[in-house]
Structures are given as structure tokens and as C-alpha cells.
Amino acid sequence: MASDRLFGRPKMPQRPVKERIRDFFEVPLGLPEDVAVEEARRCLQCKKPSCVKGCPVEIDIPGFIGLLGEGRFDEAIAKIKEKNSLPAICGRVCPQEDQCEKECVLGKRGQPIAIGYLERFLADYEREKGITTPPLPRPIPKKVAVIGSGPAGLTCAGELAKMGYQVTIFEALHAPGGVLVYGIPEFRLPKAIVRQEVEYVKSLGVEIQVNMVVGKTFTLEDLRDAGYEAFFIGTGAGLPYFLNIPGENLNGIYSANEFLTRSNLMKAYLFPRYDTPIKVGRRVAVIGGGNVAMDAARTALRLGAEEVCLVYRRTKKEMPARIEEIERAEEEGVNCVILTTPVRFVGNENGWVTGMECIQMELGEPDESGRRRPVPIPGSEFIIPADTVVVAIGQGPNPLLLETIKGLALNKRGYIVADPETGATNLRGVFAGGDIVTGAATVISAMGAGKRAARAIDRFFQDPDSFPQWR
Amino acid sequence: MARILKKEVLTPQIKLMVVEAPWVAKRAKPGQFVILRINEEGERIPLTIADYDPALGTVTIIFQEVGKTTMMLGELEEGDDILDFVGPLGREIEERYFGHVVCVGGGVGIAPTYPKAKTLKACGNKVTSIIGARTASLLFWEEKMRSVSDVLYVTTDDGTYGEKGFVTHVLERVLKSEKVDLVVAVGPVMMMKMVSLLTKEYGVPTLVSLNPIMVDGTGMCGCCRVTVDGKCRFTCVDGPVFDGWKVDFDELLARQRTYLEEERRALDLWLTEKAKEEVSHGF
Ligand SMILES: Cc1cc2nc3c(=O)[nH]c(=O)nc-3n(C[C@H](O)[C@H](O)[C@H](O)COP(=O)(O)OP(=O)(O)OC[C@H]3O[C@@H](n4cnc5c(N)ncnc54)[C@H](O)[C@@H]3O)c2cc1C
Ligand SMILES: Cc1cc2nc3c(=O)[nH]c(=O)nc-3n(C[C@H](O)[C@H](O)[C@H](O)COP(=O)(O)OP(=O)(O)OC[C@H]3O[C@@H](n4cnc5c(N)ncnc54)[C@H](O)[C@@H]3O)c2cc1C
Ligand code: SF4
Ligand code: SF4
Ligand code: FES
């Protein structure tokens with residue numbers, strides 16, 4: 001096999017570090033047309049494509065890549081959209097190296113096809129042309145309520161609308177999109193793209209009501225009284241965890257959710273043109289090693305921090321963040337302090353954080369997740385000075401809605417128990433999917449769950465008895 | 001969108017608005033609050049539901065102009081819309097019979113005291129209310145408070161109306177001379193702290209309504225966290241009403257000051273721009 005067939009994978013063009021860390025514009029620029037076509041031609045068009053198994057929504061990958069290689073872009077994007085209604089988003093934020101690309105046969109001896117880059121290329125091509133709405137089917141006079149407008153809710157709503165159902169999304173915040181708008185920063189996922197995808201879902205006939213905190217503004221029962229017959233809960237994992245160590249409520253210590261919400265949703269990076277302030281000191285410490293931590297660290301740099309360190313209790317190998325994102329963060333100057341965990345925060349007399357006492361760790365036996373468990377080394381305490389700290393150690397299920405739904409089965413960590421194939425919960429007519437079922441996961445898995453639930457809800461309307469009450 | 005149906009200027013800095021928000025009005029309970037945002041660039045700010053009418057679908061808010069957002073809100077008129085208006089948020093106070101309840105409202109805190117006093121009165125409690133302000137011109141809703149109280153005391157710090165001194169002076173007198181089963185206090189953090197210190201001395205359980213800085217108001221960001229009984233609690237979902245004896249008020253005071261510098265900058269900029277605009281309009 002020719003070596004460029006094996007190793008010809010293109011590099012993603014991106015903006016130079018010096019330029020990009022001063023603003024919030026997108027970092028990767030997308031492949032030029034000729035490069036995309038050439039990369040598409042590198043694909044072996046496998047008869048039994050292993051890449052498809054790695055994609056949670058089973059996109060016909062050789063199918064769309066083949067069309068792309070022939071320059072038939074419109075058909076190629078249509079092929080993707082058979083399975084994935086948000087390609088501009090997935091092409092950017094899917095952890096491809098752990099999913100489709102990990103399974104690509106070319107990866108065994110050479111470099112896998114850049115499936116994500118190609119997906120993004122086509123989605124951007126379509127966006128520039130203007131997205132067309134598919135012809136809508138005859139309306140079915142059945143009302144479905146979707147709670148939460150993250151990728152799970154948007155996908156479920158879009159799929160149901162395409163079948164003809166009357167769908168309303170209820171969203172607690174003032175803007176739809178879930179983590180896509182309040183969590184993932186502009187420089188990784190431009191909000192204009194999210195807005196366009198939301199507009200697309202609306203164009204399918206979905207009504208979106210913002211500022212509706214279900215469980216507070218009204219309950220599921222109220223919605224039932226208002227004529228809704230099926231429900232999809234896609235409320236995400238939005239409850240920030242803290243370390244619960246001394247000094248955590250000092251000024252200058254943020255949860256990643258607060259830090260990112262201020263910056264993304266409320267546009268604090270445009271303060272004072274936008275009213276919501278954010279405080280970033282000279283030295284910022286971010287605690288955690290996932291995508292959320294990377295996003296917080298890179299946001300802090302762009303907000304003017306001189307030094308940003310990322311404190312993680314295991315090694316770089318165990319970091320759950322995407323490799324590309326770790327690389328970009330380090331390129332931009334984020335300093336990873338590994339095998340370290342904070343034990344307490346120290347502050348000054350005005351109640352502001354000045355640093356944190358940390359302890360060094362070593363890796364011991366593997367834990368339930370298969371990763372080696374970090375164990376503290378006694379006597380290794382040291383201080384990391386910091387005037388801003390962002391805690392990015394994970395999120396849990398927000399109980400606000402769940403505690404108002406009588407009898408809904410939750411697991412011991414507080415997530416909804418739902419059938420992975422259908423999203424059905426123990427309450428008839430109530431379905432759930434996304435992070436509120438699986439715990440913090442990925443955009444594409446949330447979308448997959450939304451899609452499966454949509455199919456199940458359709459089946460539920462045709463044959464309610466096929467969904468017995470199970471407890 | 002929520003339309004402003006009625007606007008009243010209660011004192012030079014305190015304004016009342018009746019807002020059309022049927023969903024909020026339908027489920028509102030005393031103790032709960034809303035979060036609003038005026039325009040696309042705006043901040044989300046929490047305000048207590050001072051009164052509500054489920055039949056008319058209206059919610060009353062009362063706010064003190066302390067910074068840019070509240071001043072901009074104060075400039076809106078009847079017929080104008082508030083872009084985002086979400087609620088009711090937080091937990092309601094327990095509606096039951098305690099016996100003799102003393103409600104203490106300081107400054108703009110008189111507004112959120114009213115629905116609590118009204119409800120507690122309706123539950124058969126004897127309600128003694130103490131309201132206070134810095135000076136006579138800052139006092140409002142005296143008659144409304146009287147209508148839901150068995151006894152009402154009024155104080156001003158400078159003695160321009162009612163009794164001279166702080167609400168805590170009157171509270172101490174009541175605690176000394178009468179049996180009190182519960183104290184409910186809403187006002188500046190310092191006032192709630194002083195009230196709680198005092199009631200602890202007299203062994204009278206006390207509820208306070210906290211006002212930390214908030215963003216989402218749904219338990220998603222953790223910005224509103226406070227320490228109560230040594231534990232981290234989120235005011236927007238676990239509160240805003242907490243046991244006053246157990247609140248770390250000093251921490252709350254410090255946290256409220258987080259954005260002092262930025263708030264001043266935003267306000268100055270806005271005032272300067274407004275002045276420029278007025279000049280260019282020939283004022
Ligand atoms: C900072 C950050 C970076 C990430 N980066 C990546 C990445 O690069 N790649 C990737 O694949 N994944 C990433 N993820 C994970 C991914 O974003 C989530 O797995 C995904 O968004 C989950 O989707 P969801 O629809 O289940 O929930 P969410 O996106 O969380 O949406 C839930 C929505 O429900 C609303 N809601 C909650 N409660 C109520 C209620 N009571 N009433 C009404 N509405 C309610 C919320 O306001 C929210 O809008 C990241 C997550 C974060 C936080
Ligand atoms: C649950 C709750 C209920 C509230 N109810 C009322 C009410 O009924 N009426 C009313 O007038 N105010 C109420 N507040 C306070 C109100 O939210 C703030 O006054 C408002 O956010 C200030 O915004 P601003 O932009 O005008 O001022 P900013 O410029 O943001 O701040 C000006 C000053 O107010 C302080 N401040 C800022 N945010 C808050 C806050 N959330 N709470 C207290 N002080 C703050 C600042 O430290 C600063 O000193 C409540 C707060 C909470 C949390
Ligand atoms: S949706 Fe994600 S996993 Fe599937 S093909 Fe696209 S990039 Fe790969
Ligand atoms: S496995 Fe790789 S080479 Fe084969 S079809 Fe999929 S992308 Fe192409
Ligand atoms: S305001 Fe965000 S958690 Fe309370």
C-alpha cells in the first residue's frame with residue numbers, strides 16, 4: 001500500500017497561538033476543499049467498515065466519504081444527515097479519536113481517516129449555502145413535551161417533529177442549547193453554529209419555550225393537564241461538584257459551570273459591553289483533567305491570566321479530555337501539574353483566595369473505572385499560589401425537577417433509570433436520555449439517546465401497551 | 001417576555017412593579033423569588049416575589065436601585081417588557097402555626113417580609129412586625145404591613161419617623177417582654193446577622209432570607225453557595241430561607257463584595273454614556 005494512503009492524513013489548519021489567545025474566535029479553521037477531497041479519496045471504502053461501529057449514531061461513513069471524494073457534496077451531507085442532524089457540532093466536538101477514527105482500519109498500520117474533519121467540512125459547506133428544511137409530513141395531533149434543550153432534547157424534538165408530532169421544548173435558561181451554549185466556549189464551538197442548528201430544529205415545527213424551569217414554573221402533571229401525552233427528560237448533568245475542602249467558599253473560587261456560564265452564556269468576556277462580570281487574576285489554577293477543565297483553563301488565558309496551571313491527580317495519560325484539546329491547551333501555555341490534588345484553600349483577610357495547599361500523589365491499584373487510583377504521598381504538601389481557582393472535577397444530576405416527579409426511579413447516584421434502547425423510565429409515557437441518565441458523557445451519545453427515545457415515543461403512541469410499567 | 005402593568009415610585013430609590021407573569025403567579029409561594037434580565041446584554045438578577053395574584057396572573061417586585069441593572073429596570077415604564085422573567089425559584093417558607101411570630105423587615109427587605117407575614121397571619125399566628133429604614137423617606141408599605149400584623153413597630157435610624165434607632169432595639173424589647181416562638185428577618189446581611197445573634201441569646205428560632213450573588217438560580221453554577229451549619233448549601237435551590245443561627249454571615253458579606261470594582265465600572269460607564277446622550281439630545 002502506498003505510504004500516503006497510510007500516512008497522508010492532513011493536519012487541521014489552526015490559528016497561530018499568539019493571535020488566538022487574545023480573542024474568543026474559533027481556533028481550528030477547517031480543511032480547504034482540495035485537502036478534504038484528497039483525504040476522502042484515501043478511504044479504503046471497506047465492505048465491512050469498522051469505523052461505523054465506533055460512531056454512536058452509526059453514520060454511513062464510507063458512504064458520505066465516497067460522495068465527498070467524488071465532489072458530490074450535497075449528497076454527502078444528506079447522507080450524514082440521515083443519521084446525525086447536528087454535524088457542524090459533532091464534527092467539532094466529538095472525541096473522534098476514541099470513536100469512529102479509533103476503529104478505522106487504516107489506523108492499525110498508519111493514520112486513520114480524518115472522519116471528524118470531513119464531517120465538519122461538509123457541514124460548513126452546507127451552512128454557507130444555507131440549510132434547507134426537509135418537506136414536513138402530515139401533522140399528527142399528539143403533543144410531546146421535551147424538557148431541556150441540550151443535544152439530547154434538541155435531537156429528540158427534531159426527530160419527533162420530522163414524524164409529524166407537535167413538540168414543545170421547555171428550557172430553564174434564557175437560551176436553548178444546554179452545554180453547547182453555556183459550557184463549551186466560543187473558540188471551540190461558535191455560538192452562531194448552535195443558533196443555526198436550533199433554528200433548524202425550529203423550522204421543523206418545534207416550539208421552544210425558554211425561561212421555564214420545569215419542577216418550579218410548572219410540573220409534569222401541569223403539562224399532562226395541558227394535553228401533553230409523552231415526555232422526554234433531557235436535563236443534563238448540571239449540578240457542579242465541589243471538593244468539600246476548607247476554604248472553598250473564598251472569593252475567587254468558581255465552579256467550572258459558573259466560570260464558563262459567565263463567560264459563554266452571559267458573555268462576560270465582553271464586559272462591560274455585556275453586564276455580567278467575571279474575575280480573572282494574574283495566576284489561575286484549574287482543578288481537573290477533562291474537557292471542562294481544558295475549556296476553563298483556555299478561557300482563563302483569553303480573559304487575561306498571566307499564568308494558568310491545571311492541577312490533576314493522575315497523569316496526563318489518564319486525563320479524560322480529548323488529546324487535541326490537551327495539546328492545544330499546552331501550546332497556549334497552560335501548565336499541567338500532574339499527580340497533585342488540593343487539600344485546602346488559603347485566603348487573605350478580605351476573604352479572597354491566595355493559593356491552595358496541595359499534596360502529591362502516586363498511582364496505586366486500578367479502581368472501578370480501570371484507571372490506577374491516585375494515593376497521596378504523606379509529607380509532600382506544598383502551596384500553589386493562585387488568585388483565581390476553577391473547580392472542574394465533574395457534575396452530577398440536578399435534583400430540582402426529579403424530586404417533583406412522584407415515583408420516578410433513580411439510581412443510587414441520583415440519575416434516572418432508563419432503558420438504554422428506548423429511554424423508557426418506570427413511568428409510562430416518560431422517557432429520558434443524555435447526561436441525566438448516563439452521567440456526564442458526550443454530545444453525540446446524548447444525541448443518540450434523544451434519537452432512540454424519539455423512535456420509542458413514536459412506538460408508544462402506536463402501541464402504548466408495549467411499554468409496560470416496570471419497576 | 002413579561003409586561004410591566006404598573007409602576008410605583010415608593011421612595012426615591014425604591015420602585016414597585018406589577019408584572020404580567022401568569023405561570024409565575026400561579027405557583028408562587030411566600031419566600032420565593034424570580035430572576036430577570038432586561039436586555040440581550042443584561043445580567044440575570046434575583047428579586048423576591050413581594051406579592052402575587054394567581055387570578056390576575058401578576059407578580060409584584062420591589063427593588064432598590066443599587067447598581068446598573070436595578071437602575072435600568074427603574075427606567076422602564078408601564079407597558080414596557082422585561083426580556084426574561086423566570087420563577088418562582090427557591091423554596092417557600094413553612095406555612096403553619098408557630099404561635100407568636102415576629103417579622104423584621106429592614107430597608108427594601110420590607111417588601112419580601114410582607115408575603116411571609118401575610119401567610120403566617122393567615123395560618124393563625126400572632127404576628128408582630130418591626131420595619132425600619134435609614135430615614136423617613138426610605139420607608140414604604142407601612143399600611144400594608146399593618147394590615148397583616150397584630151402589632152406593628154416602625155423605626156428609622158435617624159429618628160425622622162417612628163422610633164429612633166435600629167429594628168434590633170425594638171426586637172430586643174419584644175423578646176424581653178413577650179414570649180416569641182419564631183423570628184423571621186429579611187434585610188441587609190448585617191441586620192440579619194445582628195438579629196440572629198440577638199435571638200440566639202434569647203433562644204428564639206430565627207429564619208433569614210439570604211441574598212448572595214446569583215447567576216442561573218437553578219442550582220447549576222454554585223455561585224450562590226453559603227455555609228449553613230458548616231455545610232455548603234446553594235441559596236437558589238436550598239434557600240433562600242435558612243436558619244439564621246447557623247448561617248456564616250461574614251462569608252456571605254465577603255462573597256457579596258466579589259464584583260464591587262466591576263459593578264462600579266459598569267455603573268460609571270453607563271452613567272457617563274447616559275449623560276452624553278442627554279447632552280446630544282439637547283437637554
Ligand atoms: C465545558 C464542557 C465541555 C464539553 N466538551 C465536550 C466535547 O468536547 N465533546 C463532547 O462530546 N462532549 C463534551 N461535553 C459533554 C457534553 O456537552 C454533554 O455530554 C452533553 O451536552 C449532554 O447533553 P444533554 O442534552 O444530556 O444535556 P445538557 O447539554 O446539559 O442540556 C440540558 C439542558 O436542560 C436544561 N434543564 C435542566 N433542568 C431543567 C428543568 N428543570 N427545566 C427545564 N430545563 C432544564 C438545562 O438548562 C440545559 O439547557 C462537555 C461538557 C462541558 C460542561
Ligand atoms: C433571593 C434574592 C432576593 C432578592 N430580593 C430583592 C428584592 O426583593 N429587592 C431588591 O431590591 N433586591 C433584592 N435582592 C438583591 C438584588 O438582586 C441586587 O440588589 C441586584 O442584583 C443588584 O444588581 P445591580 O446590577 O443593580 O447592582 P450591582 O452593580 O450588581 O451591585 C451593586 C451593589 O449591590 C450588591 N449586590 C450585587 N448583587 C447582589 C445580590 N444578588 N444581592 C445583594 N446584593 C447584591 C453589590 O455588592 C453592590 O454593592 C435579592 C437578592 C437575592 C439573592
Ligand atoms: S458523529 Fe462523531 S463519532 Fe460519528 S462519525 Fe461523526 S465525528 Fe465520528
Ligand atoms: S474504516 Fe477507515 S478506511 Fe475503512 S471505510 Fe471506514 S474510514 Fe474508510
Ligand atoms: S445561582 Fe447558580 S447555583 Fe444558585
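Quick caveat, the model's predicted, so the values are computed rather than measured. By convention in this document, chain letters (A, B, ...) are assigned in the order of the sequence lines, proteins followed by strands, and residues within each chain are numbered from 1.
When the shell of 6.0 Å around NZ of K143(A) is examined, it contains more than 12 heavy atoms from other residues, nucleotides or ligands. For E261(B), the CD atom counts as loosely surrounded, since its 6.0 Å shell holds 12 or fewer non-hydrogen atoms of other residues, nucleotides or ligands. Atom CZ of R413(A) has 12 or fewer neighbouring heavy atoms from other residues, nucleotides or ligands inside a 6.0 Å radius. Other residues, nucleotides and ligands place more than 12 heavy atoms under 6.0 Å from the CE atom of M191(B).
Considering all non-hydrogen atoms of both residues, N211(A) and L83(B) come closest at ND2-O, 4.4 Å. Nearest heavy-atom pair, N398(A) versus T218(B), reported as atom, atom and distance to 0.1 Å: ND2-O, 2.8 Å.
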>> Determine whether T219(A) and R27(B) satisfy the following criterion, side chain to side chain contact (heavy atoms under 4.5 Å, CB included), listing intermediate values before the conclusion.
In response: CA-CA 10 Å; T219(A) 61; R27(B) 295 192 67 88; 3.6 Å; yes
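Between Y254(A) and Y259(B), the ring-plane angle classifies as tilted under the 30° and 60° cut-offs.
I213(B) touches chain A through its side chain: at least one heavy atom from C-beta onward sits under 4.5 Å away, while N, CA, C and O do not. Of the atoms belonging to F85(B), it is backbone heavy atoms, and not side-chain ones, that fall under 4.5 Å from chain A. With a threshold of 4.5 angstrom between heavy atoms, L239(A) approaches chain B through its backbone and through its side chain. Heavy atoms of L260(A) lying under 4.5 Å from chain B are absent altogether. Only the backbone of I278(A) has a heavy atom closer than 4.5 Å to any heavy atom of chain B. If you measure heavy-atom distances from F259(A) to chain B, you find no contacts under 4.5 Å at all.
In terms of modelled atom types and a separation under 3.5 Å, the side chain of R225(B) and the main chain of E248(A) share a donor-acceptor contact. For N257(A) (side chain) and M220(B) (main-chain N/O), a donor-acceptor pair under 3.5 Å exists by modelled atom type. Judged by distance alone, the side chain of T258(B) and the main-chain N or O of N251(A) form no donor-acceptor pair under 3.5 Å. Remark: side-chain polar atoms of R255(B) are paired, donor with acceptor, to backbone N or O of N249(A) under 3.5 angstrom. Side-chain N or O atoms of S255(A) include none that pairs as donor or acceptor with a backbone N or O of G222(B) at under 3.5 Å.
R262(A) places none of its side-chain heavy atoms less than 4.5 Å from the side chain of C221(B). Between D216(B) and T261(A), the closest side-chain pair of non-hydrogen atoms is not below 4.5 Å. Annotation: side chain of E41(B) is not in contact with side chain of M266(A) (no heavy-atom distance under 4.5 Å). Side-chain contact between F271(A) and R265(B) is present, with at least one heavy-atom pair separated by less than 4.5 Å. You'll find the side chain of R44(B) reaches within 4.5 Å of the side chain of H174(A), heavy atoms only. Contact of the W270(B) side chain with the D275(A) side chain is not registered, since no non-hydrogen atoms from C-beta on lie closer than 4.5 Å.
In terms of non-hydrogen atom pairs under 4.5 Å with chain A, the most contact-rich of K68(B), E40(B), Q32(B), R257(B) is K68(B). Chosen from A172(A), P272(A), G215(A), P240(A), the residue pairing most often with chain B at heavy-atom distances under 4.5 Å is P240(A). Ranked by heavy-atom pairs under 4.5 Å with chain A, the first of A28(B), P88(B), G217(B) is P88(B). Note: K216(A) leads K267(A), K216(A), R273(A) in heavy-atom pairs under 4.5 Å with chain B. In terms of heavy-atom pairs under 4.5 Å with chain B, the best-connected choice from P399(A), G236(A), G238(A) is G238(A). Among the candidates N350(A), T276(A), V391(A), the residue making the largest number of heavy-atom pairs closer than 4.5 Å to chain B is T276(A).
Here D222(A) does not pair with K26(B) in a salt bridge; the nearest charged N to carboxylate O distance is not below 4.0 Å. Under 4.0 Å is where a charged nitrogen must lie from a carboxylate oxygen, and between E403(A) and R91(B) at least one such pair does. The pair K279(A)-E262(B) meets the salt-bridge criterion, with a side-chain N (NZ, NE, NH1 or NH2) lying under 4.0 Å from an Asp/Glu carboxylate O.
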